[in-house]
Amino acid sequence: MQQQKVRVRFAPSPTGGLHLGGVRTVLFNYLFAKQHNGEFVLRIEDTDQTRYVPGAEEYIIECLSWCGLIADEGPHVGGPYAPYRQSERKAQYRQYAEQLVKDGYAYYAFDTPEELEQMREKLKTAENPSPQYNHAARVQMRNSLSLSAEETAVLLEKGTPHVVRIKMPLNEEVGFTDMIRGHVQFNTGTVDDKVLLKADGMPTYHLAVVVDDYLMKITHAFRGEEWLPSAPVHLLLWKYLGWEAQMPQWAHLPLILKPDGFGKLSKRDGDRLGFPVYAMDWTDPKSGLTSGGFRERGFLPEAFVNVLAMLGWNDGTGQEIFSIQELIERFSLERVHKAGAKFDYEKAKWFNHQYLLMTDNNRLAALLESVLKEKGVNAAPEYVATIVGLVKERCNLVNEIWDHAFFFFQQPETYDVAAVKPKWNADKTQFFRDWASVLETLSDFSLATLEESFKQLATSMNIKVGELQLPFRIMLCGGKFGPPVFNIAEVLGKHETIARIMKGLDAINA
RNA sequence: GCCGCGUUGGUCAAUCGGCUAAGACGCCUCCCUUUCACGGAGGAAUGACGGGUUCGACUCCCGUACGCGGUACCA
């Protein structure tokens, strides 16, 4: 068979914020596609009208854009297989459902939600807490299998609300080779007659995913492990529709688990433990409540992507920092873990720290712009970049930069005098007065000159240099923090440094 | 209940029958530094359990336990 062009898809339903697990699914799709020179498709699975949330689709697209995981086709850019929103493809699904009924692989079911509920109540036992609509139950329900052809025809003609359900074989083994898990097998008798087409004419996920993957010529399908149990339904559908030869290869990705406990990581866990779960801030239009995102928390997108890549995959060498290019080159499904991975926020911050260190200071300065504006600071971008370069090694998040750099933009308002008082004396006051005068005369206010004159004067006055550095720091910053003192002074400049020495002296001697 | 998937330090994890079981995060100690970091040197900490197979099992097989996922006209 001729080698087909690799085509993968990410198919979220627009119901809310984009979970980090979702982004990882996108990432693996993307890496696989790019590695094979293939195409990455974004398809919106909005078949559940009751769960539709306005704005969610745009939000998802923006998340992908922020992460740099751009889809080649999708509702936002179009493409040869448009439309990419399932709601807009509604008319297409019915014919396939009808075809399945005609071929005896599916049937009409007229049961109302109440009747379904009754059936489940009636059949529920201690051993079987969730009865299925299966081969045993279907004969007792109202459907085109239990009803006569005439009765069915009448109901249909009257426009009775109905769904189409797949007719699961009583006892057949269906299996497939998962690219991550190897051979997986199921017995059809344990799977229920899933609804394929809903009463409102919309397909369920089961029908839609098969039809669209076929129509869109998807060659490899990645999805979360939670989909594994419904794989037999999809397998059978590919077969019944006569498309078996075109069926994509499947890969069921391991789940991302909560840091404590063992369950799937949820938004609630993030709220509870104090870290974001969504890629970007998401505000629910109904409740107005905002859930935090990695972007707003101060993560760099490359770092975020890198973190996600390492959750369930590694290249075997021990390398942990990968550019997206490297990921594209090295990614392999064989090295994707089978077991779920607990999310470790501390490690995520460490990744971001690594990226902060290697990211260009001008870019970081630009990221800081909004914060500066908010603080009422007006500073030249180059100045901000210099400062960022000085403080970033002690930050994990972009948002922490201000906390480590504010004193560059404003004089201290309070001083940690307690830190200097114990060893303070008149000699030291004199030292700083004298040094300030020396500074006045300096034509070159560089790091080396500053340090040199400081040490020279200290030595001549017989004061230990070490005992003067902390007071100097307090004068410049207000507290025991910040980059090396002389670096701060150099950046602050002659005028400001002298002013702060004087003001600081007053505070200490007050 | 049933079906499926999984199980190496606190966490991410390497190992594809030879292990004195890498590495990273976090934690601890020390060095550097009279702030905090960065950097450097150390340290504590791991194969769920029981049977096989094998000269040899973390690695292969079978059970058990535990966890997770699914069991919707949700995806």
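Just so we're on the same page: letters track the sequence lines, and every chain starts at 1. The figures that follow rest on heavy atoms only: side chains count, while hydrogens, waters and symmetry mates do not.
Rounded to whole Å, the separation between the C1' atoms of rC68(B) and rC61(B) comes to 24 Å. Distance check on atom C1': rA41(B) versus rC49(B) gives 39 Å, rounded to whole Å. rU59(B) sits 15 Å from rU53(B) when the P atoms are compared, rounded to a whole Å. One P atom belongs to rC62(B), the other to rU7(B), and the distance between them is 14 Å to the nearest Å. Spacing between rC55(B) and rA48(B) at atom C1', rounded to whole Å, works out to 27 Å.
Under the 6.0 Å cut-off for aromatic ring centres, Tyr107(A) and His162(A) do not qualify, their centroids lying 6.0 Å or more apart. Phe454(A) has its ring centre less than 6.0 Å from the ring centre of Phe431(A).
The pair Asp213(A)-Arg9(A) meets the salt-bridge criterion, with a side-chain N (NZ, NE, NH1 or NH2) lying under 4.0 Å from an Asp/Glu carboxylate O. Here Asp260(A) pairs with Arg272(A) in a salt bridge; the nearest charged N to carboxylate O distance falls below 4.0 Å.
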_Reading 5' to 3' through nucleotides 67-75 of chain B, protein heavy-atom contacts under 4.0 Å coded B for base, S for sugar-phosphate only, - for none_ = SSBSBSBBB
*Can you give one letter per nucleotide of nucleotides 30-40 of chain B, going 5' to 3': B for a protein heavy atom under 4.0 Å from the base, S for sugar-phosphate only, - for none?*
----BBBBS--
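Taking the centre and axis of the six-membered ring of Tyr96(A), the NZ or CZ atom of Arg94(A) falls outside the cone set by 45° and 6.0 Å. The cationic group of Lys167(A) does not satisfy the cation-pi geometry with Tyr240(A), failing either the under 6.0 Å distance to the six-membered ring centre or the 45° limit from the ring axis. A cation-pi arrangement is not found for Arg138(A) relative to Tyr133(A), the charged atom failing to lie both closer than 6.0 Å to the ring centre and inside a 45° cone about the ring normal.
In this structure, Leu235(A) places its CG atom 15 Å from P of rG4(B), rounding to the nearest Å. Remark: C1' of rU11(B) and CG of Leu308(A) are 16 Å apart, rounded to the nearest angstrom. Rounded to whole Å, atom P of rC5(B) lies 16 Å from atom CG of Leu253(A).
Taking the six-membered ring for Trp and thresholds of 30 and 60 degrees, Phe299(A) and Phe294(A) have ring planes more than 60 degrees apart, a perpendicular arrangement. Classified by interplanar angle (parallel below 30°, tilted 30° to 60°, perpendicular above 60°), the ring pair Phe28(A)/Phe331(A) is tilted.
Contacts with RNA chain B (heavy atom under 4.0 Å) in residues 166-184 of chain A: Arg181(A), Val184(A), listed by number. RNA chain B is contacted by no residue of residues 15-23 of chain A, taking any non-hydrogen atom closer than 4.0 Å.
Among the protein residues, Asn314(A) comes within range of the sugar-phosphate backbone only, with heavy atoms under 4.0 Å from sugar or phosphate atoms but none that close to a base.
Where Ala126(A) and Gly312(A) each meet RNA chain B at their nearest nucleotide, the meeting point lying more 5' is that of Ala126(A).
Judged as a salt bridge (charged side-chain N to carboxylate O under 4.0 Å, His left out), and not counting sequence neighbours, the contacts of Arg330(A) are Asp315(A), Glu326(A).
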*If pairs are Watson-Crick or G-U with both distances under 3.5 Å, what is the dot-bracket string of RNA chain B, marking crossing pairs with [ ] and pairs to another strand with |?*
(((((((..(((.....[....))).(((((.......)))))....(((((..]....))))))))))))....
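In this model, the phosphate group of rU11(B) is not approached by any side-chain N or O of Lys347(A) to a distance below 4.0 Å at OP1 or OP2.
The environment of NZ in Lys286(A) is sparse: at most 12 heavy-atom neighbours from other residues, nucleotides or ligands sit within 6.0 Å.
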